[in-house]
Amino acid sequence: MTRPGRSAYAPQEIEPKWQRIWAERGVMKANDDSPKPKFYDLVMYPYPSGDLHMGHARNYVMGDALARMKRMQGFEVLHPFGWDAFGLPAENAAMKHPGLHPEKYTLDNIAESKRDLKMMGILYDWDRELASCMPDYYRWTQWLFLLMLERGLAYRAKAPVNWCPVDKTVLANEQVINGRCWRHPDVEVEKRDLEQWFLKITDYADRLLDDLATIDKWPQKVRVMQTNWIGRSMGAEVDFAIDGLPGESVRIYTTRPDTLFGATFMVLAPEHPLVERITTEKHRARIREYVEKARKETEIERLSTERDKTGVATGGFAINPVNGEKIPIWVADYVLMTYGTGAIMAVPAHDERDFDFAQRYDLPIREVIAPPTGARKVLREAYVGPGVMVNSDGYDGLDSTVAFGKICDDLEKRGVGNRAVKYRLRDWLISRQRYWGAPIPIVYCPTHGIVPVPVDQLPVTLPREYRPLAEQPDWYRTKCPIGGEEARRETDTMDTFIDSSWYFLRYASPHDDREPFDPELANHWMAVDQYTGGVEHAILHLLYSRFFTKVLHDAGMLEVEEPFKRLFNQGMVKRFGQVMAKSAGNGVSIAQLSSEQGADAGRVYEMFIGPPEEDVEWSEAGLNGVVKFLQRVWRLVLEPESIDVSEGPMVAVDEVVLRRRVAQTIGRVTEHYDELRFNTAVAFLMELANTMQDYLQGGGARDASWADAARTLVKLLNPLAPHICEEMWERLGEQGVLADASWPAFDRAAAVEPKVTLVIQVAGKVRDKLEVDAGLSEGDALKLAMAREKVGAALNGRGPSKVIYVRDRLINLVP
RNA sequence: GUCGGCGUGGCGGAAUGGCAGACGCGCCAGCCUUAGGAGCUGGUGCCCGAAAGGGCGUGGAGGUUCAAAUCCUCUCGCCGACACCA
């Protein structure tokens, strides 16, 4: 006999039981041929770090809850999982523990994490599991690289890398600490130019930017971040002739051709190819010194903020094409070779950076755009807004936004310039000088040059021994696929972001050994209906995935142009003020949770703890509250006789109220689950439980209304707390697993309150209140209002000149 | 610096422009009891009041509106992203 106040709810017993049953029944297996509408529910695949805890679980519980609801709603749900398994941590672990191979480290972690996910009751279609480090996956990563190459989207170019002069090796950015090698803290890291592979993502800059408008179910924040990252700017390129060097000119880029008449000097990036030729003898030594210093500059120095601008005059002069004026040419590192043309015209009056520079080196400042507030006597800062053109010859008096176009037209007519669009986005450097990644499938042949590995020879597999590929002679020595000459393999591997740029397509046909994915199946499942993951991937991963999707679309392999219809970034779980992490030692273990309060309590708690997009603080007290809630649900559904009815509630809940609450809860919970607003969804379920308890304590019979309420509660709670719900479902005598049951239908009419309070205001002051039928028409409500004595008095005998009727509850009369 | 977001009880947080504070935690009082980290009932924004009731109240100052936590302007504070991109 159950003691009053104690429930027999024992998560330790029922959770393993249902996890086993779901696995046996293959509950979340996605059927490719199902006639049902599809729903592709995806969580970002994780790096298998082996410390899966409740901090990670939040994301997966959201995905699982949505998958379970969509399934009950009649969708064929694809809810797959995999592992972003290449990457540096595995190598670091291998270095730390000699003899531990990155692959073993990775696969062990995967096995461990997988156990934890199952212990949380999270259901995936494990038949579709993938790991990016396995040859049957990275074979197709390599295939996709070759597709990029074939489509002219992969190329080789020199790029600076971090070089440790002692180890004579390339270092990842993470291995450079304060400009020094991580293994040799007194050795400065050098910058070296090496040949590296790039993907031409800039070819897609316009589409990546413009199509952001089509994915309007992404968080605004992420779309803004991507917009800024791509950084499209509209302006003009203008040729400035060089004084004393006939036929030579410097091409500059500006977003403000309307300020051309205000250019009082020109600045070249230190790496600009014309620096040497322009520099006069007198200035040569100083320029060389400056350029040399800039070249050596480390990342850290470049990142130092608020640094004063420095520069050196070349002694050369450029000729402004609009007015023939001779302006001095300087070299300064605030101009970057990697953006625009590596050269600018400096207009200190209308650009803050140029203004600072002009002040420091005492260069002239000429105002050419008058702000709307009128001309200024002393120029104390740059005015960057629009205005009226002054000091600009024939353009004077024009609005600067109009002059912009006119000047461009004139430059184009004269052949000294043209409109131009530039992007902040750079091409994607994908070469990594690392072992634990997908080898770039390229052979360098003395005769045939750069030769792609033929598709039928893929995958180019990693050598067994853990050691940099460049140090494995047996591996990199090969034969040219074309002529059979002695040749050398590419020894760099690919950025792991390549692996993750297409994994969501592989889930459509994970065992396909003829192509990266079956276009028919991919077209069936794509696009992803809901993509959930951390906001730290707002730019790179999501931008790269969009890029790959567009390339595959252009290659005729995919119908969609955008991979992810709806994106959600969940907040992180903190404990003791810090993000849960192995290194911080504050993670809540899944195994421990599951053996104490139970996985269901952890699941519901993490959903209830706060808004899903916000960071939240884990607390034992909060978790306890949820445990109590689950115990109460258990007792209400299975042991209602154990509820103490000796003290009734203040407000009696009758059958009508109970039925209405049930209907309302169905509507609200469904809507809020759909929008991933789980915290409020849980609150509604708690309200339903409160109402059910009030009903019992008010002497309510355990009749059909009660049975319906109990079953509805079980169904609505199921996505969040599936184990306890399955157990209750079974004990209620229902057939089949709840995972296959149907979602409760929302009866809008049953959810409406029958009465509302009509509030009558006259000139903004409340004059009367009365109870009316909720369905009362506007006209009848007005008649009723006018008939009230107090209202008539307030209106002073006159009728209202204006009537405002809002919703069902308020009438406002303006005399 | 630029862009974006957020400021609501003791705490986490609810609120299509329409009863601010749902739901939970915590706390207070009472009940029950096999004395437990259980259960039940009531209370809990602030101020005045024994109560009825009244006043104030969503960082601050203005504004729009019959009506503002919500919309607009300015301002203060916190958080995030980018950070010399011409």
Side-chain angles (χ1 to χ4, degrees), chain A residues 3-7 219-229 231-233 235 252-256 259 267 269 302-303 305-307 309 332-336 338-347 350-354 356-357 384 422-426 535-536 538-539 605 608-611 613-617 619-629 631-632 635 642-650 668 677 679-690 693 697 756-757 759 761-766 769 800 802-815:
Chain A
R3 278 183 294 171
R6 270 217 191 278
S7 82
Q220 179 69 13
K221 180 183 172 181
V222 174
R223 292 192 295 156
V224 168
M225 281 165 73
Q226 294 216 350
T227 302
N228 295 339
W229 187 262
R232 179 160 67 191
S233 70
I252 61 100
Y253 174 69
T254 178
T255 53
R256 295 296 301 275
T259 64
V267 186
R302 276 203 172 264
L303 285 174
T305 52
E306 306 280 316
R307 181 166 76 121
K309 291 184 175 43
D333 65 3
Y334 82 90
V335 174
L336 310 172
T338 47
Y339 183 78
T341 59
I344 61 155
M345 64 165 187
V347 184
H350 304 293
D351 182 281
E352 278 163 26
R353 295 150 304 183
D354 298 346
D356 291 347
F357 196 79
V384 298
K422 299 285 176 197
Y423 304 91
R424 211 193 73 111
L425 182 70
R426 304 295 148 83
V535 73
E536 66 273 17
I539 296 177
Y605 175 55
F608 180 59
I609 187 169
E613 70 280 7
E614 298 289 327
D615 290 354
V616 292
E617 175 76 23
S619 92
E620 300 299 326
L623 177 63
N624 254 336
V626 170
V627 172
K628 277 174 10 187
F629 168 64
Q631 286 172 343
R632 202 148 58 90
R635 290 174 50 212
S642 77
I643 303 283
D644 178 6
V645 295
S646 56
E647 284 183 272
M650 295 288 281
R668 290 171 182 170
R677 294 161 67 191
N679 56 327
T680 43
V682 175
F684 297 144
L685 292 170
M686 288 173 166
E687 281 186 276
L688 174 58
N690 290 346
Q693 187 158 321
Q697 286 170 343
V756 293
T757 306
V759 179
Q761 296 186 356
V762 178
K765 284 215 172 77
V766 176
K769 294 182 183 182
K802 195 176 160 198
V803 179
I804 299 141
Y805 188 87
V806 185
R807 300 181 76 187
D808 298 319
R809 41 171 42 174
L810 191 141
I811 283 190
N812 219 315
L813 308 173
V814 183

In the structure shown, which nucleotide is the Watson-Crick or G-U wobble counterpart of [N], with both distances under 3.5 Å?
N      : answer
B:rU65 : none
B:rG12 : B:rC23
B:rC56 : B:rG45
B:rG80 : B:rC3
B:rA38 : none
B:rC32 : none

Pairs under 3.5 angstrom, nitrogen or oxygen only, protein versus nucleotides 22-24 of chain B, please.
| from | atom 1 | to | atom 2 | distance (Å) |
| --- | --- | --- | --- | --- |
| B:rA22 | O2' | A:Glu687 | OE2 | 3.3 |
| B:rG24 | OP1 | A:Asn690 | ND2 | 3.3 |

Could you tell me whether [X] contacts a base, only the sugar-phosphate backbone, or nothing, with contacts defined as non-hydrogen atoms closer than 4.0 Å?
X        : value
A:Lys628 : sugar-phosphate
A:Ser619 : nothing
A:Arg232 : nothing

[atom1]-based separation of [M] from [N] [nearest Å]:
N      : M      : atom1 : answer
B:rU75 : B:rG1  : P     : 13 Å
B:rA61 : B:rC48 : P     : 22 Å
B:rA29 : B:rG21 : P     : 26 Å
B:rC72 : B:rC6  : P     : 11 Å
B:rC27 : B:rA81 : C1'   : 40 Å
B:rC19 : B:rU58 : C1'   : 15 Å
B:rC47 : B:rU70 : C1'   : 27 Å
B:rG9  : B:rC56 : C1'   : 14 Å

In Å and rounded to the nearest 0.5 Å, what is the [atom1] to [atom2] distance from [X] to [Y]?
X        : Y        : atom1 : atom2 : result
A:Met686 : A:Lys628 : CE    : NZ    : 10.5 Å
A:Thr227 : A:Arg232 : OG1   : CZ    : 9.0 Å
A:Asp354 : A:Arg256 : CG    : CZ    : 11.5 Å
A:Thr255 : A:Asp351 : OG1   : CG    : 8.0 Å
A:Ile609 : A:Glu614 : CD1   : CD    : 12.0 Å

Show me, pair by pair, the donor-acceptor contacts under 3.5 angstrom made by side chains of residues 338-345 of chain A, not counting sequence neighbours?
| from | atom 1 | to | atom 2 | distance (Å) |
| --- | --- | --- | --- | --- |
| A:Thr338 | OG1 | A:Arg426 | NH1 | 3.1 |
| A:Tyr339 | OH | A:Ser233 | OG | 3.0 |
| A:Thr341 | OG1 | A:Arg251 | O | 2.7 |
| A:Thr341 | OG1 | A:Tyr253 | N | 3.4 |
| A:Thr341 | OG1 | A:Ala343 | O | 3.3 |

Find the distance [X]:[atom1] to [N]:[atom2] and express it as a whole number of Å.
X        : N      : atom1 : atom2 : value
A:Gln697 : B:rC40 : CD    : C1'   : 7 Å
A:Arg426 : B:rA83 : CZ    : C1'   : 13 Å
A:Leu336 : B:rA86 : CG    : P     : 10 Å
A:Glu613 : B:rG13 : CD    : P     : 10 Å
A:Lys309 : B:rG1  : NZ    : C1'   : 10 Å
A:Leu623 : B:rG26 : CG    : P     : 12 Å
A:Asp354 : B:rA86 : CG    : P     : 12 Å
A:Glu614 : B:rG13 : CD    : P     : 7 Å

With nearest nucleotide decided by heavy atoms, which residue, A:Asp615 or A:Thr341, maps closer to the 5′ end of RNA chain B? A:Asp615

Closest-nucleotide ordering on RNA chain B, the 5'-leading residue of A:Gln220 and A:Asp351: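 Closer to the 5' end of RNA chain B: A:Gln220.
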
State which residues pass ring-ring contact (aromatic ring centres under 6.0 Å, His included) with A:Tyr605; sequence neighbours excluded, sorted by chain then number.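 Once residues adjacent in sequence are excluded, the partners of A:Tyr605 under the ring-ring contact (aromatic ring centres under 6.0 Å, His included) criterion are A:Trp618.
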
Indicate the atoms forming the closest heavy-atom contact of [X] with [Y], along with that distance.
X        : Y        : answer
A:Phe629 : A:Ala689 : CE1-CB, 3.9 Å
A:Arg632 : A:Asn690 : NH2-OD1, 2.9 Å
A:Ala538 : A:Met225 : CB-CE, 3.6 Å

Nearest to the side chain of [X] - [options]?
X        : options                : answer
A:Tyr253 : B:rA81, B:rA86, B:rC25 : B:rA86
A:Arg424 : B:rU41, B:rG13, B:rC82 : B:rC82
A:Pro611 : B:rA86, B:rC82, B:rA14 : B:rA14
A:Arg677 : B:rA15, B:rG4, B:rA86  : B:rA15
A:Asp333 : B:rC25, B:rC84, B:rA81 : B:rC84

Phosphate OP1/OP2 of B:rA86 contacted by A:Ser233 side-chain N/O (<4.0 Å): yes

Just to confirm, is there a sub-4.0 Å distance from OP1 or OP2 of B:rG39 to any side-chain nitrogen or oxygen of A:Gln693? no

Decide, for B:rG9, between syn and anti: a glycosidic angle within 90° of 0 counts as syn, anything else as anti. syn

